[in-house]
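Every chain is numbered from 1 and lettered A, B, ... according to where its sequence line falls, protein lines coming before strand lines.
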Amino acid sequence: MPFFDVHIAELLSNTRTRWGFSEFIERELGYEWDGTPEMKIALLSHVGKEYPNSKILSLEMDLIPVLVRMQKEGILIDQKKLREIGENLRASIRKIETEVRELVGENINLSSPKQVAELLQRLGIPLTKKNKTGFSVDTDVLEELAGKHDIARLILDHRSYSKLVSTYIDALLKSVNPTTKRVHTHYNQIGASTGRMSSEDPNLQNIPTGSGYAHEIKSCFIPKNGSVLLVADYSQIELRILAFLSGDPALWETFIRGEDIHARTAHFLFWENAEITSEMRRIAKTVNFWVIYGITGFGLAKSLGTNPKEANEYIENFFREYPWVRKYYDTILGKARENGYVETYFWRKRFIRTINDANRMIRTSAEREAINMPIQGTAADVLKYAMIEIDSAIRDQNLSGKMLLQVHDELVFEIPKSEESIFLELVREKMEHVLPESSVPIQVDIHTGMNWAEAKG
DNA sequence: CGAGGAGCGA
DNA sequence: ACGTCGCTCCTCGA
């Protein structure tokens with residue numbers, strides 16, 4: 001089976017691959033294959049024992065039939081409502097186009113960044129940010145201009161409405177399977193080099209969240225008659241995993257006590273007994289977020305809208321109060337430099353070949369990848385294990401509820417009303433107990449509803 | 001048809 | 001000069 005040689009080599013060396021295991025099974029064996037032990041043994045003996053992280057290989061193989069079932073199941077969407085939203089969006093877009101025409105006295109294609117940049121310059125509006133081809137007119141730039149120039153807000157609205165209508169209305173409607181009347185996404189099992197999956201055709205992992213039209217669109221994902229949607233998502237999974245991997249006492253303690261981690265960081269960043277304002281908490285939340293990505297003062301400053309000096313002080317304060325995190329990062333970087341790879345708690349590897357590169361930009365970029373991968377990757381492993389366990393329990397107990405979607409830290413189920421209480425308990429139990437009992441507590445928020453927006457809670 | 005810009009998610 | 005991981009739509013030019 002030469003295919004497996006190639007594929008497993010890709011899996012283990014983290015080469016990005018378009019086709020995951022489940023696609024192979026779909027193509028070559030059809031939907032009926034369900035991960036028989038014989039097949040697994042054949043595969044394992046074929047790969048041999050030279051792969052130290054065969055634990056991950058085994059995880060991925062167990063996941064194949066789960067993903068096949070999810071893809072085959074698909075999800076129902078309210079096509080009528082989606083079309084109505086589309087009409088409203090188109091009306092808004094036409095209105096904006098008219099307003100722009102009246103404002104500037106000419107007809108331009110607002111979907112063309114090139115034409116937008118030229119228009120703004122003709123109007124005497126200064127542009128400074130550059131990209132490869134000219135002046136940038138992205139969201140950051142236009143938001144900056146929006147205070148002084150009405151045209152900027154119009155362009156921003158036009159952009160977001162166009163995005164929604166083209167990607168999340170028209171394309172979604174086209175993706176409905178004529179036979180099943182449902183939308184069947186396609187998971188790339190190892191779509192990301194961190195171990196995360198990706199979703200395509202259509203991508204159901206980037207359905208808009210938030211208010212307004214975005215909320216409306218999400219509410220078009222519905223259960224079949226007699227069922228409800230159940231959404232279970234991990235609360236701050238990556239920070240909890242950082243606490244687990246680093247063993248940092250302050251982080252650990254916060255989660256053990258069930259306290260607000262962003263407020264805790266805010267106390268550290270400002271002063272211990274201060275009253276935490278929402279602004280302070282917002283800053284702390286951003287800092288917490290950035291630590292996971294492999295922090296730079298410059299980037300944090302840009303994100304906070306402050307100067308790098310202040311951002312660097314936040315970072316220093318963070319590491320002073322969570323000292324084991326810094327120690328953990330140093331260890332990870334040391335291993336990466338020595339071995340050329342980093343790994344998750346479950347030993348999924350990512351090779352970081354440029355970690356010792358002479359070019360500072362390339363090297364620091366590699367360092368951020370090295371910092372981020374064990375955290376993001378362990379979170380991915382945890383959810384994949386939970387999915388296997390949940391799927392297995394569903395079949396053992398002959399339940400008719402189905403697991404439909406995975407969105408990195410979230411699972412979506414379609415369950416008969418009669419099984420609601422069983423699923424609430426089952427899903428929580430499996431998702432919260434992947435890591436060892438002695439580890440940091442993992443929290444899962446679960447809600448049900450008559451559509452995806454409502455069930456998101 | 002591919003590159004580049006832009007924007008959606010975790 | 002800098003934000004980790006993805007996918008998709010649009011424009012524009014070969």
**Study point:** Minimum-distance nucleotide (side-chain atoms of A:S365 versus B:dC8, C:dG6, C:dT4)
**Key:** C:dT4
Practice item. Only counting residues at least two apart or in another chain, list the ones meeting ring-ring contact (aromatic ring centres under 6.0 Å, His included) with A:F255. Key: none
Nucleotide N/O to protein N/O under 3.5 Å, stretch nucleotides 1-3 of chain B:
none

**Study point:** A:Y322 side chain near A:L242 side chain, heavy-atom distance below 4.5 Å
**Key:** no
Practice item. Could you please spell out the steps behind the side-chain contact (heavy atoms from CB on, under 4.5 Å) verdict for A:M280 and A:L269? Key: CA-CA 9 Å; A:M280 289 155 82; A:L269 294 189; over 6 Å; no
Check your understanding: Checking all strands, does A:Q376 fall into the base, sugar-phosphate, or nothing category for heavy-atom contacts under 4.0 angstrom?
Key -> base
Review point. What is the distance from CG of A:L156 to P of B:dG7, rounded to the nearest Å?
Key: 7 Å
Study note, to complete from the structure: Once base and sugar-phosphate atoms are separated, protein heavy atoms under 4.0 Å mark nucleotides 9-14 of chain C, 5' to 3', with B, S and - as SSSSS-
Point to revise | Distance between P atoms of B:dG4 and C:dC2 (Å, rounded) | key: 16 Å
**Study point:** A:T286 and A:S303: side chain donor to acceptor below 3.5 Å
**Key:** no
Review point. Looking at A:N131, does any N or O in its side chain come under 4.0 Å of the phosphate oxygens OP1/OP2 on B:dG5?
Key: yes
Practice item. Quickly work out the A:W290 CH2 to C:dC2 P distance and round it to whole Å. Key: 11 Å
Review point. Taking OP1 and OP2 of B:dG9, is either one under 4.0 Å from a side-chain nitrogen or oxygen of A:T209?
Key: yes
Point to revise | Candidates B:dG9, B:dA6, B:dC8 - which lies nearest the side chain of A:D138 | key: B:dA6
Check your understanding: Contact class for A:S160 (heavy atom, under 4.0 Å): base, sugar-phosphate, or nothing?
Key -> sugar-phosphate
Point to revise | A:Y385 and A:D62: side chain donor to acceptor below 3.5 Å | key: no
Review point. Among B:dG4, B:dG9, C:dC7, which is the nearest nucleotide to the side chain of A:T133?
Key: B:dG4
Exercise for review: Flag the pair A:S92 / A:D157 as yes when at least one side-chain heavy-atom distance between them is below 4.5 Å, and no otherwise.
Suggested key: no
Review point. If you look at every strand shown and take non-hydrogen atoms under 4.0 Å, does A:F289 touch a base, only sugar-phosphate, or nothing?
Key: base
Check your understanding: What is the nucleic acid contact for A:R360, judged by heavy atoms within less than 4.0 Å: base, sugar-phosphate only, or nothing?
Key -> base
Check your understanding: Choosing from B:dG7, C:dA1, B:dG9, which nucleotide comes nearest the side chain of A:F298?
Key -> C:dA1
Check your understanding: Is any NZ, NE, NH1 or NH2 atom of the basic residue among A:K335 and A:E343 found under 4.0 Å from an Asp or Glu carboxylate oxygen of the other?
Key -> no
Review point. Side-chain contact, heavy-atom cut-off 4.5 Å: A:L172 with A:L204?
Key: yes
Point to revise | pair A:Q121-A:L127: side-chain heavy atoms closer than 4.5 Å | key: yes
Exercise for review: Look at all strands and tell whether A:L164 reaches a base, only sugar-phosphate, or nothing, counting heavy atoms closer than 4.0 Å.
Suggested key: nothing
Practice item. Could you check which of C:dG3, B:dA10, B:dA6 has an atom nearest any side-chain atom of A:Y293? Key: C:dG3
Check your understanding: How about A:Q205 and A:Q406: does a side-chain donor come under 3.5 Å of a side-chain acceptor?
Key -> yes
Practice item. For A:G294, report the nucleic acid contact type (base, sugar-phosphate, nothing); a contact means any heavy atom under 4.0 Å. Key: nothing
